[in-house]
Number of protein chains: 2
Amino acid sequence: MKKERELYRDFLKSKNLKFTKPRLIIMETVFENHEHFNVDNLYELIKKKHKNVSRATIYRTVPLLVESGLIKQSLRCESKDIYEHTYGHENHLHFVCDNCGKIIESGFSDVAILIDLLAKNENFEIKEYNLGASGLCKDCQKKKDN
Amino acid sequence: MKKERELYRDFLKSKNLKFTKPRLIIMETVFENHEHFNVDNLYELIKKKHKNVSRATIYRTVPLLVESGLIKQSLRCESKDIYEHTYGHENHLHFVCDNCGKIIESGFSDVAILIDLLAKNENFEIKEYNLGASGLCKDCQKKKDN
DNA sequence: TAAGTAGTTGAGATTCATTCTCATTAAAGT
DNA sequence: ACTTTAATGAGAATGAATCTCAACTACTTA
């Protein structure tokens with residue numbers, strides 16, 4: 001968290017942006033709490049801590065966190081953008097259950113090698129992988145079998 | 001196209017849905033024209049053909065085409081859902097250029113094998129792959145180099 | 001550490017994709 | 001044709017994300 005905070009501050013400075021209280025609160029809440037989140041989650045979490053930050057500010061700050069490389073936009077659920085930590089987290093892919101919405105993460109070192117090859121063929125320079133599949137998780141397969 | 005039409009009609013029948021003129025026009029336009037499209041594109045294309053179908057009906061029909069397996073939702077661009085044909089098209093992955101928005105397709109037979117393995121480990125039953133990466137296409141790399 | 005300056009915030013208005021409502025219309029079976 | 005039941009069009013409604021602008025605050029310099 002200390003590391004994240006420093007990276008964030010450096011990033012802001014490099015862009016001539018200010019290290020403000022709302023920006024700090026948002027960043028701390030993002031890293032205190034969980035893996036996947038959306039702006040709504042975040043807003044509620046911050047409110048619970050009796051800190052007040054407006055939704056607008058969260059919407060303005062999340063893209064900064066993305067640009068700084070600390071988080072990334074990973075999926076969309078219920079028509080909302082979902083974000084996740086990237087700093088200190090291995091690349092992984094998502095299996096998303098169509099039935100219950102569960103998100104299962106799985107490593108993908110070998111997959112990345114193959115994708116890199118394909119990208120090379122196209123002279124495409126990858127910034128970010130976006131890998132996953134949708135279907136049915138273990139539990140929901142059982143439910144559907146009835 | 002004949003095949004698509006039949007599959008579509010069978011699908012509708014199996015669901016006790018009617019094979020109506022708007023549904024036919026939408027389906028034909030989808031398959032006459034292009035790979036990736038959004039509801040707006042589709043609406044404009046249909047209007048150009050002097051056929052009239054309301055946006056609401058397109059929004060209602062696209063999910064039917066998805067459910068029937070003829071198309072799938074593949075990406076989001078400019079805050080809009082993007083769809084693509086699936087019937088008669090190999091699985092592929094998308095390289096999306098962050099700079100110019102170009103979508104490059106590339107086959108992924110080997111990647112799929114790996115992903116299938118990972119899914120098996122999690123007892124996850126894959127319905128649809130969702131594979132790609134974002135970054136810079138060949139042309140935009142050059143532009144940025146200046 | 002006071003003052004200046006330039007970016008930031010909150011609140012609410014706004015936008016825009018998508019969904020919903022409901023009166024009217026059209027398929028499909030008999 | 002007749003009847004039933006779903007589908008359509010038009011516009012209203014929803015809701016996530018963005019924008020506006022007056023009030024505020026972080027950083028810089030003296």
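So that the names make sense, note that chain A is the first sequence line, chain B the second, and so on, each numbered from 1.
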message: Base of D:dT5, side chain of B:K18 - is there a donor-acceptor contact under 3.5 Å?
response: yes
field: Dot-bracket encoding of pairs in DNA chain D, which uses [ ] for pseudoknotted crossings and | for another strand, Watson-Crick or G-U under 3.5 angstrom
entry: ||||||||||||||||||||||||||||||
query: Taking only residues two or more places apart in sequence, or in another chain, which ones meet A:K120 in a salt bridge (Lys or Arg N to Asp or Glu O under 4.0 Å)?
result: none
Please table the atom pairs, donor to acceptor, closer than 3.5 Å between any side-chain atom in residues 38-52 of chain B and protein atoms at least two apart or in another chain.
from	atom 1	to	atom 2	distance (Å)
B:N38	OD1	B:D40	N	3.0
B:N38	OD1	B:N41	N	2.8
B:N38	OD1	B:N41	ND2	3.4
B:D40	OD1	B:R55	NH2	3.1
B:N41	OD1	B:N38	N	3.0
B:K49	NZ	B:T29	OG1	3.0
B:K49	NZ	B:E32	OE1	3.2

message: Please check: side-chain N/O of A:T61 versus main-chain N/O of A:T57, any donor-acceptor pairing under 3.5 Å?
response: yes
message: Distance check needed: D:dT8 C1' versus B:K21 NZ, whole Å only.
response: 12 Å
task: Compare every heavy atom of B:V66 with every heavy atom of B:K72, then report the nearest pair and how far apart it is.
output: CA-CG2, 4.4 Å
task: Name the closest nucleotide to the B:P22 side chain, picking from D:dT8, D:dA26, D:dA7.
output: D:dT8
- request: Output all residues satisfying salt bridge (Lys or Arg N to Asp or Glu O under 4.0 Å) with B:E67, sequence neighbours left out; order by chain, then residue number.
  value: B:K15
field: Beyond-backbone contact of A:Y87 with A:L7, side-chain heavy atoms, under 4.5 angstrom
entry: yes
- prompt: Do A:L64 and A:R23 pass the side chain to side chain contact (heavy atoms under 4.5 Å, CB included) test, and can you show the C-alpha distance, the side-chain angles, and the key distance before you say yes or no?
  reply: CA-CA 9 Å; A:L64 294 177; A:R23 282 185 181 151; 3.7 Å; yes
query: Can you hop from A:V96 to B:L118 via hydrophobic side chains spaced under 4.5 Å?
result: no
message: So, taking the atom named CD1 in A:I103 and the one named SG in A:C137, what distance separates them when rounded to the nearest 0.5 Å?
response: 12.0 Å
Within residues 6-14 of chain A: residues closer than 4.0 Å to DNA chain D (heavy atoms): none
query: Taking CD1 from A:I25 and C1' from D:dT25, how many angstroms apart are they, rounded to a whole number?
result: 14 Å
task: Map A:L17 and B:D40 onto DNA chain C by nearest heavy atom, then report which one ends up closer to the 5' terminus.
output: A:L17
task: Could you tell me whether B:D81 contacts a base, only the sugar-phosphate backbone, or nothing, with contacts defined as non-hydrogen atoms closer than 4.0 Å?
output: sugar-phosphate
Let me have the donor-acceptor pairs involving side chains of residues 75-86 of chain A, under 3.5 Å, with sequence neighbours excluded, atom names and distances please.
from	atom 1	to	atom 2	distance (Å)
A:R76	NH1	A:D81	OD1	3.0
A:R76	NH2	A:S79	O	3.0
A:D81	OD1	A:Q73	NE2	2.9
A:E84	OE1	A:H36	NE2	3.0
A:E84	OE1	A:S74	OG	3.4
A:E84	OE1	A:H94	NE2	2.9
A:E84	OE2	A:H92	NE2	3.1
A:H85	NE2	A:V30	O	2.8
A:H85	NE2	A:H34	O	2.9
A:T86	OG1	A:G69	O	2.7
A:T86	OG1	A:L70	O	3.0
A:T86	OG1	A:I71	N	3.3

task: Name every residue in residues 43-64 of chain B that has at least one heavy atom under 4.0 Å from any atom of DNA chain C, in order of residue number, or write none if there are no such residues.
output: B:A56, B:Y59, B:R60
task: Take A:H89 and A:E35 through the test side chain to side chain contact (heavy atoms under 4.5 Å, CB included) and record every step on the way to the result.
output: CA-CA 10 Å; A:H89 288 253; A:E35 281 289 302; 2.7 Å; yes
- prompt: Any side-chain heavy atom of A:L65 sitting closer than 4.5 Å to one from A:M27?
  reply: yes
message: Holding to side-chain contact (heavy atoms from CB on, under 4.5 Å), I want the full list of residues that pass it with A:S134, two or more places apart in sequence or in another chain.
response: A:D98, B:E128
message: With a 4.0 Å cut-off on N to O distance, would you call B:K138 and A:E125 a salt bridge?
response: no
Listed pairs under 3.5 Å, donor-acceptor, residues 107-116 of chain B side chains, sequence neighbours left out:
from	atom 1	to	atom 2	distance (Å)
B:D116	OD1	B:Y129	OH	2.4
B:D116	OD2	B:Y129	OH	3.2

task: Go through DNA chain C in 5' to 3' direction and return only the first and the last nucleotide with some atom under 4.0 Å of chain B's heavy atoms.
output: C:dA17 to C:dA28
- request: List in chain and number order the residues that pass side-chain contact (heavy atoms from CB on, under 4.5 Å) with A:N121, two or more places apart in sequence or in another chain; answer none if no residue qualifies.
  value: none
Tabulate protein N/O versus nucleotide N/O from nucleotides 22-24 of chain D, keeping only pairs under 3.5 Å, one per line.
none

